[in-house]
Protein chains: 2
Amino acid sequence: MEEDRKPLRADAERNRRRLLDAATSIFCERGLEVGVGEIADRAGVGRGTLFRNFPSKEHLIAAIVVERMRQMIDRGRGLLDAPDAGAALFGLLDESVGLQQADRALFDALDDEWLANEEIRAAHVELISVLDALLVRAQAAGAVRDDVGAVDVLMMVKGACEAMRSFQHVDPGIGARQLDLVRAALSANPGHLPLRGRRPALADLEPAAAASAEVAASA
Amino acid sequence: MEEDRKPLRADAERNRRRLLDAATSIFCERGLEVGVGEIADRAGVGRGTLFRNFPSKEHLIAAIVVERMRQMIDRGRGLLDAPDAGAALFGLLDESVGLQQADRALFDALDDEWLANEEIRAAHVELISVLDALLVRAQAAGAVRDDVGAVDVLMMVKGACEAMRSFQHVDPGIGARQLDLVRAALSANPGHLPLRGRRPALADLEPAAAASAEVAASA
DNA sequence: ACCTGAACACCGTTCAAGT
DNA sequence: ACCTGAACACCGTTCAAGT
């Protein structure tokens, strides 16, 4: 579950970092569709080296996304014993959205298919479990309604990020505003109507059983 | 502002429809990255015909998105004189999310760059103005808080759609649940904290002044 | 072990020839 | 006017040769 990969030769490790850094800055500047050639150039390595470290362009992007998620995870862990549980949870969400605003289109890259990626799913599970810990504390403190789960929260935040991405050029404050709406939805406010469906559980995030079931059904 | 294009020869018009239909079903079945060749084949036309009707693959996708948005716009107009203003607004949102769930990844395709597309921006403006009309009625009826605008609502719905796209395979009910959270955020509930930023206005959706300003700044 | 860049394959797009 | 499909250009990926 931790951040160790099989150890690489010193120069290989350095190249991996250079590629990650070059890709991060280029993607943030100009979006996800810049060519891999340019990335290899900026990193100062050959095209082949990129594909030695990352099986495909998508895997490279995934690695960057995982780094971003790890930042959130670490920050979340640091907030686990903050005095004000509600402020801790919403503070993390604010920071996440802020991070997203600085970059451009990275967090967004998390559709169906990306969850097939082993690393991304692992990071997702970790992130949700940290979020869950923060959420439970906030609920115990009476700052958040009891009928929501960490997956609900993550979904709303991802939604806010996505929405922000579309409209931040027309209103840079839209991210913070959307987050305030998320907060309103999650507040422990009497008079809230009950939610449809059931409270999502951590166990739901297992390997893509849906996909294999679908294949079986079509046979 | 209306749905008339310069009239085409009968066979051309028929080919355009065939391409739109073929693309819609193929994209829904297998996602946005299927080749244009396959679409032309299913439509029963040559590759070149596709590019005669749509300047690029992106424009083809945009045309489909516009059709979807027009469906929402028409449905919204039909709800303008419904007796229960609150139910009308949230009913439309529910239908929109349902539509999204049936398809796969179409509505989602609305990032920054897409708004540069003239047709999409026009449809967006229309959609928001209908949403605004429904929203104002719902607010007058006391069903929705007064400090939100149509853009806020659209952002939250787009967020819910996006979130749903990531997790509907693990929990098909997530869309309805997210919408209930949106409803909770928008409800006229005393005890809601004030929102950061200002209430977005319709006038904000003007041509991409941000982009040209950016270009000017870099000179 | 790892690096390199020329070569390959694939796919969006164009265009000369046809109706 | 519009259609067609072979040809082009571009970009992700591979691999034989090098260190």
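Letters A, B, ... are given to chains in the order of the sequence lines, protein chains preceding strands, and every chain is numbered from 1. Small disclaimer: the values here were computed from a predicted structure and weren't measured. What you see below is based on every heavy atom in this structure, not just the backbone, and it leaves out hydrogens, waters and symmetry mates.
Rounding to whole angstrom units, CG of residue B:D41 and C1' of D:dC3 are separated by 15 Å. Protein atom CG of A:D11 is 6 Å distant from nucleotide atom C1' of C:dC2, rounded to whole Å. In this structure, A:R16 places its CZ atom 12 Å from P of C:dC2, rounding to the nearest Å.
In this structure, the side chains of A:E95 and A:M72 stay at 4.5 Å or more apart for every pair of heavy atoms.
Each of A:L92, A:L127, A:V66 was checked for a side-chain contact (heavy atoms from CB on, under 4.5 Å) with A:I73, and the lone residue meeting it is A:L127.
For the side-chain hydrogen bond (donor to acceptor under 3.5 Å, both in side chains) test, no residue two or more places apart in sequence or in another chain qualifies with B:S129. Every residue two or more places apart in sequence or in another chain that forms a side-chain hydrogen bond (donor to acceptor under 3.5 Å, both in side chains) with A:E38 is listed here: A:R30. With sequence neighbours excluded, the residues satisfying side-chain hydrogen bond (donor to acceptor under 3.5 Å, both in side chains) with A:D94 are B:R196. Residues that satisfy the salt bridge (charged side-chain N to carboxylate O under 4.0 Å, His left out) test with A:R52, not counting sequence neighbours, are absent from this structure.
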Would you tabulate the nitrogen or oxygen pairs shorter than 3.5 Å linking the protein to nucleotides 10-17 of chain C?
residue, atom, partner, partner atom, Å
C:dG12, OP1, B:K57, NZ, 3.1
C:dG12, OP2, B:V36, N, 2.8
C:dT13, OP2, B:K57, N, 2.8

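Under 4.0 angstrom from either OP1 or OP2 of D:dC2 there lies no side-chain N or O belonging to B:N15. OP1 or OP2 of C:dC2 has not a single side-chain nitrogen or oxygen of A:R9 nearer than 4.0 Å.
Using a cut-off of 4.0 Å between Lys/Arg side-chain N and Asp/Glu carboxylate O, B:E67 and B:R17 are scored as salt-bridged.
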Dot-bracket pairing map - DNA chain D, Watson-Crick plus G-U, both contacts under 3.5 Å, | cross-strand: ||.|||||...|||||.||
Derivation and outcome, side chain to side chain contact (heavy atoms under 4.5 Å, CB included), residues A:F54 and A:L20: CA-CA 10 Å; A:F54 308 96; A:L20 241 18; 3.7 Å; yes
